[in-house]
Each structure stands twice: as structure tokens, then as C-alpha cells.
Colleague: 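Okay, handing you the structure first.
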There are 2 protein chains.
Amino acid sequence: MEGDGRGMDEKTKSRQAPAPPSLQERPTLKTIAFMTGLGITTVSRALKDAPDIGAETKERVRLVAKQVGYQPNRAGVRLRTGKTNVISLVLSLEEEVMGLTSPIVVGISEVLAATPYHLVITPYRFAKDALAPVRYVLDTGAADGVIISRTEPKDARVELMMERNFPFATHGRTDMGLVHPYHDFDNQGFAYEAVRRLAKLGRKRITLLQPPPHLTFHRHMRNGFDEGIRDFGVEAVAFNAVDLDNSLAEIRAAFETMMRSDGAPDGIVSGSGAGSIALIAGLEAVGKKLNQDVDMVSKVPSDFLSWLRPEVITMNEDIRHAGRELARAVIGRIAGLPAEELQSLSQAL
Amino acid sequence: MEGDGRGMDEKTKSRQAPAPPSLQERPTLKTIAFMTGLGITTVSRALKDAPDIGAETKERVRLVAKQVGYQPNRAGVRLRTGKTNVISLVLSLEEEVMGLTSPIVVGISEVLAATPYHLVITPYRFAKDALAPVRYVLDTGAADGVIISRTEPKDARVELMMERNFPFATHGRTDMGLVHPYHDFDNQGFAYEAVRRLAKLGRKRITLLQPPPHLTFHRHMRNGFDEGIRDFGVEAVAFNAVDLDNSLAEIRAAFETMMRSDGAPDGIVSGSGAGSIALIAGLEAVGKKLNQDVDMVSKVPSDFLSWLRPEVITMNEDIRHAGRELARAVIGRIAGLPAEELQSLSQAL
DNA sequence: CAAGTGAACTGTATCGTTACAGATTTTCAG
DNA sequence: CTGAAAATCTGTAACGATACAGTTCACTTG
């Protein structure tokens, strides 16, 4: 077990001459101080490359520190300075459709690996509790920075963190006139391009499986879609019964109903890979065929859909990359870079 | 920002009569001590329900603590006691096939939410570095417990943590004669049942897309498969060119080759949903059809495969449940429960 | 009524680190 | 050679919590 403390005070040591630190334990500043004959403060400052420490001393300290494998005790630093070296990824336990979470986590981890930051998952159960985990982090100082997703145009979390001047990055943009770090996928571009391709294939009546209306990227995707409809002279078919947050079963059922109706579309734009699966199932349930009765363009997180339904036109969203960008953004914010420089948008591959 | 400290010492306070804690800041024991007129120690012990504190006092302290929203400072506790209240999930950044990570994380989070534990992701990049993150946690005391996956029969990580008597749980079993907490899916049962079903469908020549040989569940799945082959009087077709760790493209290519060869199988057992997709692609590339030329049974993490290829017989592995079990297991271990009681095996749904 | 007992409470030191205010030595201008 | 400024280095206190060793004080008990 072990590490930071022992949970038991050893016999009180004489106050003046500090006993030599046990060499068995994990090295601390005291260990290095003892080995170099310097004071603890000096060692601390030497490792920080402070200007009032001699060059040769710094070298010596660094050498010994490396030799004994010194790593600052996180609890000590945190207690003294308030710096946690933690980035918190705030996750909804509900949005468990098709695990987009994994690649984000991997992307973030990749970037954090080269830093002293640890990644902590801070979950919340229901959409209405989204503010709670953020508040928790702010109130308890549990992290130095936060990454959130499922961003809304007027996002209370963003507002709160801006107000407290707390470093964060959002997956998705907001629309409140507040400048903050974000990474987003160009959903507008995606939807526009999707409509273009369908139109080019001769499709006339196009529908969209869209994100839930309260999320920002609903607007983006919707805008791109609507522009496409206008620019390419095709017709939009409303599909508002369900959105990407519905279960696959619900999407399938709703789409099946739609495809049986009179005004069934002949072109489909799907905002997610998982949703596409449900759409395809619904489609085929009514006996229609891809590339024949309808065409479909889908945003996908990986290319597995192409393996099973090569007829679907896929546009790839690199979520792992999003994770990397988000991690860079928060860290940049913590380092004090201006938010303007920490915004990025990525295109479909 | 903030929380734990201010990174700046306020003007030195008089030593004897401790200044009243600022009411603006986050409450500490000192705050409660001041409000109740008790000593800091008393407050601490009252909140711990120590036997030497009066019942009425405890009640008073609890009330005030709740009132001001007291939450123990994690850094303080950690520094003093070594207890981190952190569970570390050690993850390979490579095993990024089809994100099984998400549901595990969600499952763990669900359980930890009701405890003071936080979930920290500790990644490692390459298989050969698997020991490094575990060593890191042990050496730095970064967590109170660890969860690992991709367990091997002789697993160096398990050995190390057992030796140091460090609480952990493994996703998958080991085979070293060491008793430790684990959760595992019954891969043997799965493979046996899979063969049974294929045999029942009249399939005679059956092959297996298996896990990489160094992982424990390779043996389990293999054993179940081999037993099935024996018990149901069918023939096993070797497929050793690739395993579940290969890329989908590689699996597909290898399988295509196999299906073109003389001894092509007519029944397939697939150890993963992602692998199945590659197999199906390979299969169809050579013009063969499911339910016709071949039948296939696949272990899947969710039922989306059934949506696109209902012909495939699927057996569900509930990975989220695995996450929950693993979290319970580590916590149980930390609480001192015997390892024997913290082992679980789950069947396909 | 002195001494002992137990209940209830508290002060001190400490975990590892860093901010701050010295302390000591060296170096030089005058 | 003197005094002051640099250049280096160091002790102390504090962050918040807890283990330990008391301290108080009301009661028993003989």
C-alpha cells in the first residue's frame, strides 16, 4: 500500500537536527536535502530553477533528484498551492450510445501523458444534473481544468466557469457572446456536403436525423442542411419525431413509420453512426434498399459502418483527435493563453 | 479558480487565538470549530463518530457541517493519511477497437458515484509497458486501488500488486495460483454454447476468431470451443493467422483468404463484435452468405450488430455490468473483504 | 475527603511542499 | 579597508487533516 503517508506517527524526533529520512521510503525534498547537504527550501527552489540558486547547486540537486527518482508528492503540492494537476472530464452516464466516450478519453490521455496532469472522470447521471459536477469541481477545487461536452447555446456550465474564471474547454460551441476554448466538428459543413452529395445522386426529397434541439450542434447541422437544401434545389422532409438522443429502437420505429408514409424521403442525412444503424434497419424493414430507393450519408466515428453497408456514404469525425484538441485547449487555458487561440474546428475526413 | 489553497500566505496571524476563518472561503474543520466553539480535533473526531465524543456534540457538529456544506479537503486527508480516495483504471491506449472502454468507465462511475472515490484514468501506450502504470501507482501512492484489464495467465501486474498487498481487481482471470478479486465473462461457456448452436444448425466445420494467445481468456474461449467440438462431433478449422487484436482490415483479409481455400469452414465463432464485422465483410467479399453458406455466432457488447445482420446469432456480454462489478470488487478489497468473495463470472445474456 | 476513574474535549506535531523573510558570504565601489 | 549591494542559501509558518498524548472536570470509592 503506502506512498504518501503512513497513517502512524513515528516516535517524535528531536526537533533541531532532523533525522535522516529513511531510505526505504519514497524520496521527498527532505531526502534530497539530506543527500546534498542543502536545505529543503533550497532543494525545492533548485528544482524549480529559481533565479536565486547557484547553477552548480541546481545541477547537483537535479542529478540527485533524478538518481533517487524523486517525484513531488501531489498531496503536498496540492495542499500548499491549490494546484491539483488534474483535468476533469465531465461525462453524462446517459449518453451511452455507441461509446463515443472511449476515443475522447484516449485522445485526452494521449496529450496528458506528456504532462503532469491526471485525467479524472466526473460523471453525472441525468441531463438536468449537468451543472452539479461542474459546481462540485469549482467548489472543491477538485481539478485545475474541466472538459465538458453536450454543449448548449446558452450553457449554464460555461457561464458559471467563465464567471469564476475557471479554465475549461467545451466539446462543441456556445452562442452567448462569450469567448472560450472549444473544439468542434464542423457539423454545418458536414450537413451541407451531405445534401450536396445526395442531390448529385439525383435525390430530391431529403431528410435529416438531427441532434436534440437543445444542443448547439443541432443548429449547426440544421443550418448546413437547410443551406444545402436551398443551394441544391432539393426538398427537405421533416423528421422531428425523434433525434439522436432517442434509443435506436425508437429511431428505427419512427423512421419505419416515415418510410411507409406518403411523403417518404429518398435521401437521408444521419448525424451519427449509431443512428444510421437504426435508420437502415427501419428502411430495410419496409423493403426499401440503399442506393436504389434511397441514398444515405452518415457521419461516423469509425469506418465499421462501411464494412457492413458500403452503400452508405460516410463522413468521418475523428473523435480521438477531438480529445487531443480539447486536452490541449484546457492546458493552454491553464497556462494562460488567450481563449481565442484555443478554438478549433475540424472537418470531416 | 481555487479551492484548496491560495498560493499566498495572508499576513501572519497571531499564534494563540486563531483568527476566525474567513467565511467567504471553503469551510474547513477550523470553520466548524469556530462556529461550534469546539476544538478542531473534536470536530474531526465528531465527524468520524469517534467514541470519545459526546452524542449531543456529534449531533451539533454534524448539523453545522451539513449547514456550511463541509467537505473534507482531499489534499489534507491524503497528505496526512495517505488515503487518496482514488481508483485508477489502467487502460491501454492501443486497445481502441470499438470502444469497449466507455461502458466499463460508465459502469465503474456508477458505483463510485455513491462513494467518496474518484476515477482516474491511467493510460499506457504499448503492451510492453503494461507494468509501468501499475508501478507508477504503487510507487507514488496515486490511488487506493487499481483496475486492470487484458489480464494474462501469468500476469506481472497481478504478481506485483499481490506482493505489495495493494488492492486491485482484474477484468479477466489469471492462472498463477494467486487468489485475487476479478470479474470475468464466461468465455468458455460462450464458446461452448456457440459451437452447440452451430452444430445444431447442421454446421460441421467450425472455426474460431480468438483472442490473442497471451491473454487468459484465449484459453477459456479455446477450451470452450474445443469441448464443444468434441461434444457435438464437429470439426475444428484452424484460424491462427490473426486474432482479435489484429486490425479489422487484417482480419478481413485473412478470413477472405481462408474462405477461398479448400477447407473453408461453414460455421464461425467470433470472440468480438468488431471482429465479426471484419469476418462478415471477408465472407461476403467471396460471395458467401450468412445462414446459407455459413452460420456465425458472435459475442457482442451491444445489439447493434443484430440490426444490420440479424442472421448472425449474437450473445451479449454486458460490459457496463463488468465495470460495476470491478468497482465493487476493488472497493471491497480496500475495505478488507477477502478476495474469495470478490470474484464474479457472468454469463452471456 | 483524597485519590482514582472515566467521559469529553483539546493542543501539538506531522504529512510534503512552498511563500516569505531572513541569514550568510562574496564581491566591489569608493 | 569599509560599507553596501549581490548572490546564495535557509528557517519558519502554513495549507487541512489526523494520531497521540494529554487536560479537565464531574463522579465514585474506600
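Letters A, B, ... are given to chains in the order of the sequence lines, protein chains preceding strands, and every chain is numbered from 1.
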Colleague: How many Å lie between NZ on A:K83 and C1' on C:dT17, as a whole number?
Modeller: 15 Å
Colleague: Would B:D139 and B:R164 pass as an ion pair if we require N to O under 4.0 Å?
Modeller: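 B:R164 and B:D139: salt-bridged.
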Colleague: If each of A:G37 and B:R45 is mapped to the nucleotide of DNA chain D with the nearest heavy atom, which maps nearer the 5' terminus, i.e. the 5' end?
Modeller: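 The residue mapped nearer the 5' terminus is A:G37.
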Colleague: Atom CD1 of B:I53 and atom C1' of D:dC20: how far apart are they, to the nearest Å?
Modeller: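 Taking atom C1' of D:dC20 as the reference, CD1 of B:I53 is at 14 Å.
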Colleague: Within the structure, does a side-chain N or O atom of A:S44 lie under 4.0 Å from either OP1 or OP2 of C:dT18?
Modeller: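 Yes, A:S44 has a side-chain N/O under 4.0 Å of OP1/OP2 on C:dT18.
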Colleague: Would you indicate which nucleotide in D:dA17, D:dA13, C:dC9 comes nearest to any side-chain atom of B:D52?
Modeller: C:dC9
Colleague: Rounding to a whole Å, what distance do you find between A:R78:CZ and C:dG16:P?
Modeller: 17 Å
Colleague: What is the distance, to the nearest angstrom, from the CG atom on B:L47 to the P atom on D:dG16?
Modeller: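 Taking atom P of D:dG16 as the reference, CG of B:L47 is at 16 Å.
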Colleague: Less than 3.5 Å apart, any donor N or O on the side chain of A:E325 or A:S344 sitting next to an acceptor on the other?
Modeller: yes
Colleague: Closer than 4.0 Å, any side-chain N/O of B:T42 to the OP1 or OP2 of C:dT10?
Modeller: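 Checking C:dT10 against B:T42, a side-chain N or O does come within under 4.0 Å of OP1 or OP2.
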Colleague: Looking at B:N73 and D:dC15, is any side-chain donor or acceptor paired with a base atom of the opposite kind under 3.5 Å?
Modeller: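 Donor-acceptor pair under 3.5 Å: no.
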Colleague: Between A:H183 and A:H171, what is the ring plane arrangement, given parallel below 30°, perpendicular above 60°, and tilted in between?
Modeller: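 Correct class here is parallel.
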Colleague: Measure from the side-chain heavy atoms of B:R80 and tell me the nearest of C:dT17, D:dT10, D:dA19.
Modeller: D:dA19
Colleague: What integer distance in Å separates B:F34:CZ from C:dT10:P?
Modeller: 15 Å
Colleague: Report yes if some heavy atom in the side chain of A:V134 is under 4.5 Å from a heavy atom in the side chain of A:F168; otherwise report no.
Modeller: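 No, their side chains stay 4.5 Å or more apart.
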Colleague: Does B:T57 place a side-chain N or O at less than 4.0 Å from the phosphate oxygens OP1/OP2 of C:dC9?
Modeller: yes
Colleague: For D:dG16, take OP1 and OP2 only and decide whether either is under 4.0 Å from a side-chain N or O of B:K30.
Modeller: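 Result: no.
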Colleague: For A:L38, report the nucleic acid contact type (base, sugar-phosphate, nothing); a contact means any heavy atom under 4.0 Å.
Modeller: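 It contacts sugar-phosphate atoms only.
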Colleague: Can you establish whether the number of heavy atoms outside B:E341 located under 6.0 Å from its atom CD is more than 12?
Modeller: yes
Colleague: Grab the CD1-P distance between A:I32 and C:dG16 for me, whole Å please.
Modeller: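 Answer to the nearest Å: 13 Å.
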Colleague: So that I can tick it off, tell me whether B:D144 and B:R78 are bridged by a salt bridge, with the cut-off set at under 4.0 angstrom between side-chain N and carboxylate O.
Modeller: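 The answer is no: the pair does not qualify as a salt bridge.
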Colleague: Can you tell which of C:dC20, C:dG16, D:dT18 lies closest to the side chain of B:L29?
Modeller: D:dT18
Colleague: Figure out the NZ/P separation between B:K48 and D:dC20, and round it to whole Å.
Modeller: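 Taking NZ of B:K48 and P of D:dC20, I get 14 Å after rounding.
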Colleague: State which of C:dA8, D:dA13, D:dG11 makes the closest approach to the side chain of A:T41.
Modeller: D:dG11
Colleague: Quick check: on DNA chain C, is the nucleotide nearest A:P27 upstream (toward 5') of the one nearest B:V43, or the reverse? Name the residue that is more 5'.
Modeller: B:V43
Colleague: For a quick check of understanding: with a heavy-atom distance under 4.0 Å over all strands, which category does A:G39 fall into, base, sugar-phosphate or nothing?
Modeller: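 Counting heavy atoms under 4.0 Å across all strands, the contact made by A:G39 is with sugar-phosphate only.
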Colleague: For A:N85 and C:dG16, what is the distance between atoms CG and C1' respectively, to the nearest whole Å?
Modeller: 14 Å
